[in-house]
Amino acid sequence: MSSDDENLQLIDKKTVKSGVGCAESKMAAGGGTGAAAKTTDAGLKNVRALLFLFLWYFFSGCTLFLNKYILSYRDGDATLLGSMQMILTLACGYLQMYYPCGMGPKASHGKKPAGFYRHMIIIGGLRFATVLLGLIALNFVAVSFTETVKSSAPAFTVIISRIILGSKTGLYVKLSLIPVMGGLALCSANELSYNLAGFVAALATNISECCQNVYSKMLISGEAHKYTPAELQFYTSVASLVVTVPTCCILMDWNKVTSTTDSGLAACLLLNGIFFHFQTISAYVLMDYISPVTHSVANTGKRAFLIWTSVILFGNEVTLLSGLGTLVVILGVLLYNQALAVDGDGGGGDRKRGIKSTVQKV
């Protein structure tokens, strides 16, 4: 063999090795696994995405109805309920960092990236605010009124995604959000019970939840460091304890808690916390597959689903507006899917570049 041939073979081997090294480094930046790197923005056509969508719907229903049962029928304290949810997500999130149960890769034990704890404190504060304000709203107004206020979530998500991620939403997608939001409002319009404090709490819950979802998407879709769902669950719960402890001391009615809490209520609080953990972590996993706006549309569909579930479980009267609103929501979701396909060519790349550039800057 000539010396020229030997040199060519050496060059080929070095090229292959360098290519493998680059691929490994990209996989590490994406969270340690090739599968994890491929999940970002895969869409709801992915089987796993549909599975976690179903789990999110299921555990959301369990949490919502158990919330109402504890607050309305067991005379539970809203602050205690929110605190127990945070404590259970902390404990379960810690376990799932080492035993993910198919919900993302194991958390890395290496050095945390710059700004890690700042991100966790921000999301932790938003999480606790969302839980506490939502429970306060339930104390003042009916579930249906809260859901009507939250029907504006897709519009808020578009605005917040633009501010935080720099992502652009196409015209057709924006127009398709109108029937999605209007349909949910129709679903719950028959049971409106206006109360100023309840309205303010429901609106604040909506904004806080939208900010939390968009910020979480930014971290889960990161390139420099890909946060796992269990990491977000655990560390944000730890951060929220900073808010939870003083809130318990100030707002909790200790006389009511000691007089009403028995073994039955304690079991309900424990079960509710577990349901809430799986509701939030399945939502985090789902975020890796879809955009914040798609997540918000799915959330709106979930609320319409929960309204009809309450009709079935509690025997509430079905009105013409409820049926019409459900049909409008379904139509809006179908239009949204079509709008994504129409606007995708022009806006999809911008949305992904916006997310990536924002994560790198933070």
Side-chain angles (χ1 to χ4, degrees), residues 39-46 48-50 52-53 56-57 60 104 119-120 122-127 129-130 150-178 180-181 184 203-223 226-229 232-233 236 279-303 329 332-333 335-337 339-341 343-344 346-362:
T39 57
T40 300
D41 294 331
L44 288 177
K45 293 181 180 179
N46 186 287
R48 280 178 57 83
L50 290 174
F52 288 112
L53 179 69
W56 182 38
Y57 275 37
S60 294
H119 296 322
M120 296 302 102
I122 291 173
I123 299 182
L126 289 171
R127 280 189 64 188
T130 301
K150 288 183 178 181
S151 66
S152 61
F156 279 109
T157 303
V158 169
I159 297 171
I160 295 170
S161 295
R162 178 64 174 166
I163 295 172
I164 296 179
L165 302 179
S167 60
K168 297 179 181 179
T169 305
L171 175 61
Y172 292 108
V173 170
K174 292 177 182 176
L175 292 176
S176 70
L177 297 179
I178 296 175
V180 173
M181 296 184 293
L184 180 61
L203 185 62
T205 303
N206 196 22
I207 297 173
S208 177
E209 185 176 17
C210 292
C211 290
Q212 175 193 331
N213 291 341
V214 173
Y215 205 90
S216 299
K217 173 63 179 179
M218 181 185 72
L219 299 181
I220 287 178
S221 300
E223 286 189 322
K226 192 178 181 70
Y227 293 75
T228 68
L232 285 181
Q233 186 78 307
T236 57
Q279 172 192 334
T280 52
I281 198 168
S282 58
Y284 281 143
V285 177
L286 182 63
M287 283 178 192
D288 196 28
Y289 291 89
I290 58 179
S291 71
V293 178
T294 302
H295 188 276
S296 187
V297 171
N299 203 8
T300 302
K302 180 193 74 175
R303 286 166 180 153
V329 169
V333 172
L335 289 175
Y336 176 77
N337 289 330
L340 281 179
D343 288 339
D350 291 337
R351 285 194 295 271
K352 291 182 181 179
R353 284 193 292 272
I355 293 173
K356 292 177 181 178
S357 62
T358 304
V359 174
Q360 290 171 351
K361 291 177 183 177
V362 173

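Atoms NE2 and CG, on His295 and Leu53 in that order, are 9.0 Å from each other to the nearest 0.5 Å. Taking OH from Tyr227 and CG from Asp288, the interatomic distance works out to 14.0 Å, rounded to the nearest 0.5 Å. Note that CG of Leu50 and OH of Tyr289 are 10.5 Å apart. Values are rounded to the nearest 0.5 Å.
Listed by chain and residue number, Leu175 satisfy the side-chain contact (heavy atoms from CB on, under 4.5 Å) test with Ile178 (two or more places apart in sequence, or in another chain). Among residues two or more places apart in sequence or in another chain, the ring-ring contact (aromatic ring centres under 6.0 Å, His included) test is passed with Tyr284 by none. Every side chain to side chain donor-acceptor pair (under 3.5 Å) that Thr157 has, sequence neighbours left out, goes to Ser296. Residues satisfying the side chain to side chain donor-acceptor pair (under 3.5 Å) test with Thr280, not counting sequence neighbours, are Gln233. Judged as a side chain to side chain donor-acceptor pair (under 3.5 Å), and not counting sequence neighbours, the contacts of Ser60 are Lys302.
Not one N or O on the side chain of Tyr172 forms a donor-acceptor pair closer than 3.5 Å with the backbone of Leu335.
Minimum heavy-atom separation, Trp56 to Ala298: CZ3-CB, 4.0 Å. Minimum interatomic distance between Met287 and Lys217 (heavy atoms only, all atoms of both residues): O-NZ, 2.8 Å. Scanning all heavy atoms of the two residues, the minimum distance from Ala49 to Leu286 falls at O-CD1, 3.4 Å.
Here the rule is side chain to side chain contact (heavy atoms under 4.5 Å, CB included) with Leu219, and of Thr228, Thr236, Leu232 only Leu232 fits it.
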Please output the side-chain donor-acceptor pairs of residues 206-213 that fall under 3.5 Å, not counting sequence neighbours, one pair per line with the distance.
{"unit_1": "Asn206", "atom_1": "ND2", "unit_2": "Ser152", "atom_2": "OG", "d": "2.9"}
{"unit_1": "Ser208", "atom_1": "OG", "unit_2": "Leu126", "atom_2": "O", "d": "3.0"}
{"unit_1": "Ser208", "atom_1": "OG", "unit_2": "Thr130", "atom_2": "OG1", "d": "2.8"}
{"unit_1": "Glu209", "atom_1": "OE1", "unit_2": "Arg303", "atom_2": "NH2", "d": "3.0"}
{"unit_1": "Asn213", "atom_1": "ND2", "unit_2": "Glu209", "atom_2": "O", "d": "3.3"}

